[in-house]
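Step one of this worksheet: look at the structure below.
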Amino acid sequence: MIEEEDQLPTHEVRTALLALLDEAGTVTATQAAARLGYSSGLCSFHLRQLARYGRIEEAPRGGGGRGGARPWRLRTAQEAAAGPEGFGELARGLEDESYQRWLASRDAAPEEWRRDEAFSEIVHLTPEEMTAVAEAVRSALAPYRARETDAGARPAGARPVAVVSRVFPLLPGDEAGRAARAATRGGRDPRGRRRG
């Protein structure tokens with residue numbers, strides 16, 4: 001099964017479904033469609049593909065288990081095999097791939113969507129402050145979460161936008177940390193662009 005998993009190409013719908021399953025635990029194709037803004041048929045197709053390649057599995061159905069919508073969940077065996085990082089490592093890789101696809105196609109997007117915000121900051125925090133920063137980011141996004149399940153709450157022209165935040169301590173001697181600090185001091189974002 002692992003060999004098959006490596007052969008499943010990345011796809012923006014599958015990426016979104018995996019992230020949603022990580023957040024929600026279980027979802028049906030109909031629920032995924034309401035949350036992500038795709039059709040239920042499209043979500044159903046990609047959920048079956050993810051199951052075929054061993055990424056997800058059917059979850060037990062409530063209320064007796066026969067008929068009705070089919071719930072899906074991340075595959076338990078995969079999470080155990082992935083170790084303590086679990087699904088997080090897979091999700092981070094998919095986020096990075098989605099971002100690279102965006103960078104490759106940004107020039108073809110409508111003018112109003114050609115902007116993106118990428119920034120990196122190195123700050124000195126206590127563990128409690130680090131938790132507070134993460135909570136502040138979650139709170140800033142909270143007013144928009146209802147739009148995932150209520151399409152009527154979405155303003156005209158709204159579309160899914162990835163907001164990725166990683167708050168983690170840098171280790172002493174971390175080369176990536178030194179590069180990030182240098183970029184921050186130079187007033188440039190991680191892609192080398194001058195901050196506005």
Report task. Show your reasoning for whether side chain to side chain contact (heavy atoms under 4.5 Å, CB included) applies to Arg35 and Arg147. Result -> CA-CA 8 Å; Arg35 296 274 305 262; Arg147 296 178 183 180; over 6 Å; no
Query - Salt-bridge contact Arg48-Glu58 (side-chain N to carboxylate O under 4.0 Å) - result: no
Query raised in the report: Among the clusters formed by ILVMFWY side chains lying less than 4.5 Å apart, do Leu18 and Phe45 turn up in the same one?
Result: no
Query - Where Gly157 and Trp113 come nearest, the two heavy atoms and their spacing - result: O-CZ2, 3.4 Å
Report summary line: For Thr28 and Ala69 the tightest heavy-atom approach is CG2-CB, 3.6 Å
Query raised in the report: Crowded around Arg115 CZ? As in, over 12 foreign heavy atoms under 6.0 Å?
Result: no
Report task. Of all the heavy-atom pairs spanning Leu21 and Trp72, show the shortest one and how long it is. Result -> CD2-O, 3.2 Å
Requested in this report: Under the side chain to side chain donor-acceptor pair (under 3.5 Å) rule, collect the residues that match up with Arg154, sequence neighbours excluded.
Outcome: none
Query raised in the report: Considering all heavy atoms of both residues, which atom of Ala32 and which atom of Val27 are nearest to each other, and what is their separation?
Result: CB-CG2, 4.4 Å
Query raised in the report: If you take all heavy atoms of Arg73 and Thr26, which pair is closest and at what distance?
Result: CB-CG2, 3.9 Å
Query raised in the report: Does the side chain to side chain contact (heavy atoms under 4.5 Å, CB included) test come out yes or no for Val167 and Ser165, once each step is laid out?
Result: CA-CA 7 Å; Val167 181; Ser165 176; 4.0 Å; yes
Query raised in the report: Atom CG in Leu17, atom CG in Leu36: separation rounded to 0.5 Å?
Result: 6.0 Å
Query raised in the report: Trp102 and Glu12: side chain to side chain contact (heavy atoms under 4.5 Å, CB included), yes or no, with the steps?
Result: CA-CA 10 Å; Trp102 159 248; Glu12 65 180 34; over 6 Å; no
Query raised in the report: If you measure from CG on Leu74 to CG on Leu50, what distance do you get to the nearest 0.5 Å?
Result: 9.5 Å
**Report entry** same_hphob_cluster(Phe168, Ile122) at 4.5 Å side-chain heavy-atom cutoff
**Finding:** yes
Query raised in the report: If you measure from OG1 on Thr15 to NE2 on His46, what distance do you get to the nearest 0.5 Å?
Result: 10.0 Å
Query raised in the report: Any sub-3.5 Å donor-acceptor pair from Glu129's side-chain atoms to Thr126's backbone N or O?
Result: yes
Report summary line: One should read off an interatomic distance between Ile56 CD1 and Arg14 CZ, to the nearest 0.5 angstrom, of 11.0 Å
Query raised in the report: Between Arg114 and Asp107, does a salt bridge (Lys or Arg N to Asp or Glu O under 4.0 Å) hold up when you go through it step by step?
Result: CA-CA 7 Å; Arg114 290 185 191 171; Asp107 291 343; 5.9 Å; no
Query raised in the report: Are Met130 and Val133 close enough that some pair of their side-chain heavy atoms sits under 4.5 Å apart?
Result: no
Report summary line: In terms of heavy-atom contacts, Ser40 and Thr30 come closest through CB-CA, 4.2 Å
